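In this text, all values refer to a predicted model and were calculated from it rather than measured experimentally. In what follows, chains carry the letters A, B, and so on, assigned in the order in which the sequence lines appear, proteins first and then strands, with residues in each chain numbered from 1. What's counted below: heavy atoms across the whole structure, side chains too, no hydrogens, waters or symmetry copies.
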Amino acid sequence: DIQMTQSPASLSASLGETISIECRASEDIYSNLAWYQQKSGKSPQLLIYAANRLQDGVPSRFSGSGSGTQYSLKISGMQPEDEGDYFCLQGSKFPYTFGAGTKLELK
Amino acid sequence: EVQLQESGPGLVKPSQSLSLTCSVTGYSITSNYWGWIRKFPGNKMEWMGYISYSGSTSYNPSLKSRISITRDTSKNQFFLQLNSVTTEDTATYYCARWITTLDYWGQGVMVTVSS
């Protein structure tokens, strides 16, 4: 199985701060990577797919980048509503696998 | 709007079978792919398997001998059955639609395996 190593495990950001979350794959996943936000008790919400494509309705402060084995999610200007858990998902090779998650809090 | 809703028992005894239903509205399950995912205590997530628009299935090899995903197209529902459960199957179970990636998810149902 492809291993997804996500970092950091937790992050505290100030209002307006720009932050990044990383996912590293154990092999090339050819940009088949998605990012999700999940708030407590809610279903995961798709933010980014195909490494850098913004899902409809997602604020433009979210962006994704990367290729090969290295990918990142950037939030340009932390907002209170951005608090939550973030995780990545590789859809390149079955079984699809997830990053361990990042807990983002407002400082 | 596409909506998915999981339902099923919240408590299952060890060695028994876990059975969950995913009810889909706003989109036909005869299109695209429909998956089951679970999130363990501690937040690790696992892709369990999917059923396709044609009814074909694919399962995570780690579960292959215990899992079955089926569907009822007349009710626009698909189902998860996991046999011989242990306490390690305690998790929140989600159903989701796959188009390029998992784009719509249900709210999840917490299942505890305990005697």
| said: So that I know where these two stand, are F94(A) and Y50(B) an aromatic pair - ring centroids less than 6.0 Å apart? | reply: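 Yes: the rings meet the under 6.0 Å criterion.
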Counting only N and O atoms by type, is there a donor-acceptor contact under 3.5 Å from the side chain of [X] to the main-chain atoms of [Y]?
X      : Y       : result
Y93(B) : W36(B)  : no
E6(B)  : Q107(B) : yes
Y94(B) : P44(A)  : no

Heavy-atom cut-off 4.5 Å, strictly under: side chain, backbone, both or neither for [X] against chain A?
X       : value
T101(B) : both
L4(B)   : neither
Y104(B) : neither
S58(B)  : both

| Quick one: do E88(B) and K44(B) make a salt bridge, cutoff under 4.0 Å? |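 Judged by the 4.0 Å cut-off on N to carboxylate O distance, E88(B) and K44(B) do not form a salt bridge.
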| query | chain B heavy atoms under 4.5 Å from Q45(A): which part of the residue, side chain, backbone, both or neither? | reply |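 For Q45(A), there is no contact with chain B at all, as no heavy atom is under 4.5 Å.
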